2 protein chains.
Amino acid sequence: MQLTRQSEYAIRTLLELSKYSDGEFIQSRAIAIQQDLPVQFLNKTVQILARTGLVETRRGMQGGIRLAVKPETITIADVVVAIEGKIAINPCLADDYHCVNRPNCRVHEILERAQSAMLAELDKETLADLVRDDNNERVI
Amino acid sequence: MQLTRQSEYAIRTLLELSKYSDGEFIQSRAIAIQQDLPVQFLNKTVQILARTGLVETRRGMQGGIRLAVKPETITIADVVVAIEGKIAINPCLADDYHCVNRPNCRVHEILERAQSAMLAELDKETLADLVRDDNNERVI
DNA sequence: AAGTAATAAGATTGTATTTATCCTATATAA
DNA sequence: TTATATAGGATAAATACAATCTTATTACTT
Ligand code: SF4
Ligand code: SF4
């Protein structure tokens with residue numbers, strides 16, 4: 001019952017990128033150092049984020065990574081889903097899964113509510129919110 | 001980001017036991033058949049539930065398993081915690097885990113809220129609630 | 001007392017997932 | 001054309017999960 005490490009890495013990567021967000025490309029190595037993440041694994045993570053359209057990348061000199069959309073529009077839920085795919089805390093909560101008990105299974109129902117409650121929380125906060133509070137803390 | 005299969009097995013096992021709950025011992029084989037669970041794995045699951053005090057077991061002839069407490073007092077969250085231990089959807093939400101970033105990490109905060117929201121839902125419903133609704137469905 | 005029926009407990013296996021790391025390819029700017 | 005940066009594929013190591021097997025141990029029955 002855990003998020004993958006990669007999900008948290010992705011959140012913190014995007015958080016780091018949100019601090020710039022004026023179109024400049026930040027190198028993955030710099031992000032890895034700033035956030036203390038394994039750089040090669042981070043690159044893999046960025047590939048996924050790029051494919052799902054959350055970041056843009058540029059190879060070669062002066063290359064790097066930047067947000068593809070405004071940090072105000074990316075929620076933590078977006079990031080987790082980008083990395084792990086659609087969340088299903090029990091197999092039967094996945095779209096394709098079929099269980100014979102499901103029509104009159106109240107367990108399914110409860111788990112669905114629990115999952116929704118969790119995702120709702122993750123969907124409340126955007127990258128912009130997090131960065132803002134982060135900066136506040138530094139100022140004080 | 002999934003519950004273990006064992007957690008759901010445990011819930012359904014206790015649900016089955018809740019249908020009787022007049023002190024009689026039900027055999028694990030019967031539960032396994034009723035709920036379509038792998039019987040040996042179910043036995044392992046029951047061992048855990050017995051150690052955590054949710055059920056009582058009796059060996060030998062006329063033996064079996066029964067609830068140790070009233071189904072009104074067992075929530076789904078209780079069952080999940082009994083099987084998986086205290087939930088932590090991210091390592092840093094575990095009691096013993098120490099992360100240097102934690103003091104000013106807003107990610108931690110969000111994840112904590114998300115987890116609490118999920119557990120709150122799982123804590124709303126008791127075994128008694130589920131069985132009651134289950135019976136309703138059958139009557140209709 | 002012997003035999004049968006049930007769970008307890010521990011070891012072990014098989015599988016899947018997670019978390020990386022390595023290597024080569026490709027793009028880009030200087 | 002060279003140095004630099006990500007892309008992508010393969011693979012490895014570690015961990016966790018799900019299930020099974022075997023050998024106790026307990027308790028009723030005859
Ligand atoms: S039995 Fe219920 S909770 Fe379990 S997989 Fe089927 S629908 Fe979901
Ligand atoms: S960086 Fe934040 S979210 Fe990640 S483990 Fe540390 S405290 Fe938790």
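Everything numeric in this text was worked out from a predicted model, so none of it was measured. Below, read A as the first sequence line, B as the second, and so on, with proteins coming before strands; counting in each chain starts at 1.
Along DNA chain C, the nucleotide nearest to A/Phe41 and the one nearest to B/Gln27 differ in position, and the one closer to the 5' end is contacted by B/Gln27.
For the pair A/Gln40 CD and C/dC23 P, the interatomic distance rounds to 10 Å; values are reported in whole Å. Distance CZ (B/Arg51) to C1' (C/dG10): 10 Å, rounded to an integer number of Å. What separates CD of A/Gln47 from C1' of C/dA25 is a distance of 12 Å, to the nearest Å. Regarding B/Arg29, its CZ atom lies at a distance of 10 Å from the C1' atom of C/dA5, rounded to whole Å. Summarising the geometry, the separation between CD1 on B/Ile48 and C1' on C/dT7 is reported as 14 Å, rounded to the nearest angstrom. Atom CG in A/Asn43 sits about 15 Å away from atom C1' in C/dT24, given to the nearest Å.
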Listed pairs, N/O of protein and of nucleotides 28-30 of chain C, under 3.5 Å:
residue, atom, partner, partner atom, Å
C/dT28, O4', A/Arg59, O, 3.4
C/dT28, O2, A/Met61, N, 3.3
C/dA29, OP1, A/Arg58, NH2, 3.0

Its contact letters, B for base, S for sugar-phosphate only and - for none at protein heavy atoms under 4.0 Å, make nucleotides 13-18 of chain C read -----S
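When DNA chain D is scanned in the 5' to 3' direction for atoms under 4.0 Å from non-hydrogen atoms of chain B, the outermost contacting nucleotides are D/dA18 to D/dT29.
A salt bridge links A/Arg12 with A/Glu8: the distance from a Lys NZ or Arg NE/NH1/NH2 to an Asp or Glu carboxylate oxygen falls below 4.0 Å.
Contact of B/Lys44 with C/dA9 (side chain to base): a donor-acceptor pair of N or O atoms is detected under 3.5 Å.
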